[in-house]
Novice: 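Can you keep this structure in mind? I'll have questions shortly.
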Amino acid sequence: MSKTPQAIRGTQDIFGAEAEAFAHVVATFERIRKLYRFRRAEMPVFEKTEVFSRSLGETTDVVSKEMYSFEDRGGDSLTLRPEFTAGIARAFLTDGWQQHVPLKLATHGPLFRYERPQKGRYRQFHQIDAELIGSAEPQADVELLTMADHLLQELGIADGVTLQLNTLGDAESREAWRVALVEHFSEHRADLSEDSQDRLDRNPFRILDSKDSRDRTLVDDAPRIDSFLSAEARDFFGAVTSGLDAAGVAWVRNQSLVRGLDYYRHTAFEFVTDRLGAQGTVLGGGRYDGLMESLGGAPTPAVGWAAGIERLAMLLDMQDEDAADCILVVEDDALMAPAIAALRRIRTAGLSADLLASGSPRKRYDKAVKSGARTILALSMRGSAPDYRMKGDAADLSRLEDALGDMFKARSDMGTDMGADLSAASGTA
RNA sequence: GCGAUCGUAGCUCAGUUGGUUAGAGCGCCGGUUUGUGGUACCGGAGGUCGGGGGUUCAAGACCCCUCGAUCGCCCCA
């Protein structure tokens with residue numbers, strides 16, 4: 001006997017009620033994206049490493065440490081997708097999707113990041129994703145955010161979740177803001193936390209969402225993006241916010257909401273909850289007008305978001321799996337064949353059904369009752385004659401009887417017709 | 001990569017300042033009762049107490065190492 005291998009760290013086996021919640025998120029997303037006329041796309045789960053390293057900017061831990069990369073037999077470096085956007089951009093460019101612009105796309109599936117697992121964070125995780133490619137209009141941002149808001153409402157989790165919104169401005173605004181931030185924080189470098197002193201060199205924007213209390217007052221005094229916005233960038237953001245107001249989407253301004261990657265412009269947003277510990281972002285995205293160029297394409301404006309299916313599922317009111325419409329209890333093994341025939345009929349009629357025919361015959365019925373099934377059909381032998389009983393409320397029983405048709409007569413007929421019906425059923429089984 | 005907490009039956013967990021054959025509930029299997037039924041009762045299977053080393057007359061408990069999990073930090077596309 002060999003030892004059972006264990007699952008890879010950070011992967012999960014999803015089962016039962018949790019799997020139902022997961023499926024519910026995906027099904028709801030599919031329904032909503034059709035309402036908003038987003039078209040479905042499927043991309044490979046792995047790409048040339050280049051696809052991600054170029055779009056992410058070669059920099060940072062993200063590329064060097066947090067991707068699942070490997071060499072294939074031909075020596076090419078491949079990577080399991082850590083996000084959807086880069087692969088979608090690659091497909092957009094290599095498959096000629098420019099002809100569909102402006103293109104609304106939706107997809108979902110597994111993603112992989114080499115990280116330490118914690119609440120709502122896994123190495124293989126799953127996201128739903130929506131992108132709107134080829135539109136530089138603020139209306140595109142509004143469309144996308146309205147769909148996200150609508151989705152959260154349909155999932156019934158909108159109440160505990162708030163939309164935080166910010167603008168990073170256009171390229172010039174953003175750069176001017178960055179310079180001002182570096183200047184500000186450099187003056188108080190010694191007062192910053194160690195982590196933020198490090199961020200000052202690597203990624204100064206990230207100081208703004210530092211969790212360290214020592215950084216708080218310095219962040220409060222830091223220069224705001226609003227002071228650096230060009231007139232165009234200000235108008236763009238104004239159009240987005242007024243569009244959201246018109247669509248009835250509630251939002252709050254979060255001046256500290258930033259993006260780590262260079263290709264982000266203008267709108268950045270996150271739907272945040274306080275119910276998931278440190279991993280409170282439930283859906284996030286923004287405008288990435290600079291991405292296509294990094295993959296060698298023509299400048300193409302785009303905006304998108306993604307949301308973790310696991311996190312959304314955790315926020316759902318966990319409901320148990322549905323009880324069966326009918327449980328068929330075989331209390332005597334001699335009646336297996338007619339039971340199987342009846343089971344097929346019940347299911348063909350659209351009722352969910354299960355067969356209970358193992359273990360102690362005396363306890364089979366009790367198990368059926370315990371399962372919470374809407375109806376129970378029990379088959380047993382009374383002397384040498386087959387006998388059956390049904391349990392359930394009148395409406396459910398009537399559906400069951402319709403499903404069974406003439407297979408079992410009404411109980412009052414049992415003495416005369418029952419035996420013939422059962423043998424006929426077993427003969428055709 | 002770093003930190004904290006935790007690993008005892010299939011699941012949820014007890015297990016006293018270290019003390020003799022390691023327990024309960026649920027689940028599973030079988031039986032008794034009931035006899036038309038979600039009851040109650042009896043019994044059974046199932047544990048090298050995550051793994052390895054150490055301290056001790058004696059370790060599930062204490063110490064070290066290791067593996068794993070959870071939560072957090074870093075990072076967050």
Side-chain angles (χ1 to χ4, degrees), chain A residues 1 3-13 15-16 47 51-68 79-89 111-123 125 127 129 131 193-199 202-203 205-207 209-213 257-264 268 270 276-281 284-286 288 290-291 294 304-308 311 323 327 329 331 358-373 376-380 382 387-392 411:
Chain A
M1 271 247 277
K3 203 176 157 190
T4 305
Q6 41 201 355
I8 305 299
R9 179 197 294 271
T11 63
Q12 36 175 354
D13 303 305
F15 169 75
E47 298 271 359
V51 169
F52 305 111
S53 60
R54 283 173 60 180
S55 68
L56 295 172
E58 301 283 359
T59 59
T60 66
D61 296 355
V62 167
V63 167
S64 56
K65 294 186 170 181
E66 303 191 11
M67 299 201 307
Y68 268 96
T79 294
L80 300 179
R81 63 184 180 195
E83 59 159 356
F84 282 114
T85 308
I88 289 172
L111 302 170
F112 305 84
R113 297 180 185 176
Y114 196 91
E115 303 185 285
R116 198 96 181 182
Q118 51 186 289
K119 189 177 185 66
R121 259 186 118 165
Y122 307 95
R123 286 186 174 181
F125 58 106
Q127 287 187 339
D129 181 279
E131 313 279 345
S193 65
E194 296 79 8
D195 283 335
S196 284
Q197 292 184 25
D198 202 35
R199 292 183 181 112
R202 280 192 356 264
N203 195 350
F205 287 120
R206 282 292 170 199
I207 300 176
D209 55 15
S210 167
K211 289 166 183 163
D212 197 305
S213 59
L257 182 59
V258 291
R259 290 279 101 108
L261 301 178
D262 291 340
Y263 57 67
Y264 281 100
E270 293 183 1
L276 291 177
Q279 307 301 325
T281 299
Y288 52 93
L291 174 60
S294 69
W305 58 251
R311 290 189 194 175
I327 298 280
V329 181
E331 295 191 87
S358 65
S360 168
R362 312 185 86 154
K363 289 182 178 170
R364 292 176 190 179
Y365 190 90
D366 288 345
K367 270 193 206 172
V369 173
K370 239 187 196 177
S371 78
I376 295 171
L377 172 59
L379 302 181
S380 60
R382 172 167 295 198
D387 184 25
Y388 77 101
R389 282 177 299 277
M390 291 190 214
K391 179 186 165 74
R411 187 162 188 187

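Keep in mind it's a predicted model, so treat the numbers as computed, not measured.
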Novice: Both distances under 3.5 Å, Watson-Crick or G-U wobble: on that basis, could you give the dot-bracket string for RNA chain B, with [ ] for crossing pairs and | for other-strand partners?
Specialist: (((((((..((((.....[...)))).(((((.......))))).....(((((..]....))))))))))))....
Novice: Does A:R199 reach the main-chain N or O of A:I207 with its side chain, forming a donor-acceptor pair under 3.5 Å?
Specialist: no
Novice: In whole angstrom, give the distance that lies between atom NZ of A:K363 and atom C1' of B:G35.
Specialist: 15 Å
Novice: A:D366 has an atom CG; how far is it from atom C1' of B:U33, in whole Å?
Specialist: 12 Å
Novice: To the nearest 0.5 Å, what is the distance between CG (A:L276) and CZ (A:R121)?
Specialist: 13.0 Å
Novice: Please answer whether the main-chain N or O of A:R116 pairs with a side-chain N or O of A:R9 as donor and acceptor at a distance below 3.5 Å.
Specialist: no
Novice: B:G18 and B:G3: how far apart are their C1' atoms, nearest whole angstrom?
Specialist: 30 Å
Novice: Does the pair A:Y263 and A:L56 meet the rule for a side-chain contact (heavy atoms from CB on, under 4.5 Å), with working shown?
Specialist: CA-CA 8 Å; A:Y263 57 67; A:L56 295 172; 4.2 Å; yes
Novice: Determine whether A:Y288 and A:R259 satisfy the following criterion, side-chain contact (heavy atoms from CB on, under 4.5 Å), listing intermediate values before the conclusion.
Specialist: CA-CA 10 Å; A:Y288 52 93; A:R259 290 279 101 108; over 6 Å; no
Novice: Sort me out a list of protein N/O and nucleotides 71-74 of chain B N/O pairs below 3.5 Å, or just none if empty.
Specialist:
residue, atom, partner, partner atom, Å
B:C71, OP2, A:K119, N, 3.2
B:G72, OP1, A:A278, N, 2.8
B:G72, OP2, A:K119, N, 3.2
B:C73, OP1, A:K211, NZ, 2.8
B:C74, OP1, A:R199, NH2, 3.0
B:C74, N4, A:Q118, NE2, 3.3
B:C74, N4, A:R121, NH1, 3.2

Novice: Could you pull out the protein-nucleic contacts involving nucleotides 26-28 of chain B (nitrogen or oxygen on both sides, under 3.5 Å)?
Specialist:
residue, atom, partner, partner atom, Å
B:G27, OP1, A:K370, NZ, 2.9

Novice: Rounded to the Å, how far apart are A:E83 CD and B:C75 P?
Specialist: 19 Å
Novice: Can you tell me how far apart NZ (A:K363) and OG (A:S358) are? Round to the nearest 0.5 Å.
Specialist: 13.0 Å
Novice: Mind checking the C1' distance from B:G50 to B:A69? Whole angstroms is fine.
Specialist: 11 Å
Novice: Can you tell me how far CG of A:L80 sits from OH of A:Y68, rounded to the nearest 0.5 angstrom?
Specialist: 8.5 Å
Novice: Could you work out the separation of B:U33 and B:G51 based on their C1' atoms and round it to a whole Å?
Specialist: 47 Å
Novice: Rounded to whole Å, please give me the gap between CG in A:L56 and P in B:C76.
Specialist: 11 Å
Novice: In whole angstroms, how far is the C1' atom of B:C76 from the CH2 atom of A:W305?
Specialist: 19 Å
Novice: What contact category does A:E331 fall into here, base, sugar-phosphate, or nothing, at under 4.0 angstrom with non-hydrogen atoms?
Specialist: base
Novice: Can you check the distance between B:G53 and B:C67, where both ends of the measurement are the C1' atom (answer in whole Å)?
Specialist: 15 Å
Novice: Between B:G31 and B:C49, how many Å separate the two P atoms, rounded to a whole number?
Specialist: 33 Å
Novice: Using modelled atom types and a 3.5 Å cut-off, is there a donor and acceptor pairing between side-chain atoms of A:R123 and backbone atoms of A:F112?
Specialist: no
Novice: Could you say whether A:Y365 or A:D209 is positioned toward the 5' end of RNA chain B, judged by the nucleotide with the nearest heavy atom to each?
Specialist: A:Y365
Novice: Determine the interatomic distance between C1' on B:C71 and the same-named atom on B:G38; round to the nearest Å.
Specialist: 40 Å
Novice: How far, in whole Å, is B:A24 from B:A45 if one measures between their P atoms?
Specialist: 12 Å
Novice: How far, in whole Å, is B:G60 from B:A4 if one measures between their P atoms?
Specialist: 26 Å
Novice: Is a side-chain donor or acceptor of A:R81 paired with a backbone partner of A:E47 at a separation under 3.5 angstrom?
Specialist: no
Novice: Rounded to the nearest 0.5 Å, what's the gap from OH on A:Y388 to CG on A:L379? Could you check?
Specialist: 10.0 Å
Novice: Expressed as a whole number of angstroms, how long is the span from A:R364:CZ to B:C29:P?
Specialist: 10 Å
Novice: Counting distance only, does the side-chain N/O of A:R389 pair as donor-acceptor with the main-chain N or O of A:A378 below 3.5 Å?
Specialist: no
Novice: Is it the case that the side chain of A:R113 and the backbone of A:P82 share a donor-acceptor pair, with hydrogens and angles ignored and the cut-off at 3.5 Å?
Specialist: yes
Novice: Provide, to the nearest angstrom, the distance between the CD atom belonging to A:Q6 and the C1' atom belonging to B:G51.
Specialist: 11 Å
Novice: Base, sugar-phosphate, or nothing: which does A:Y264 touch, judged by heavy atoms less than 4.0 Å apart?
Specialist: sugar-phosphate
Novice: Look at the side-chain N and O atoms of A:R9 and state whether any lies under 4.0 Å from the OP1 or OP2 oxygen of B:G68.
Specialist: yes
Novice: More than 12 heavy atoms of other residues, nucleotides or ligands under 6.0 Å from OH of A:Y114: is that the case?
Specialist: no
Novice: Once you round it to whole Å, what is the distance between C1' of B:C76 and NZ of A:K65?
Specialist: 14 Å
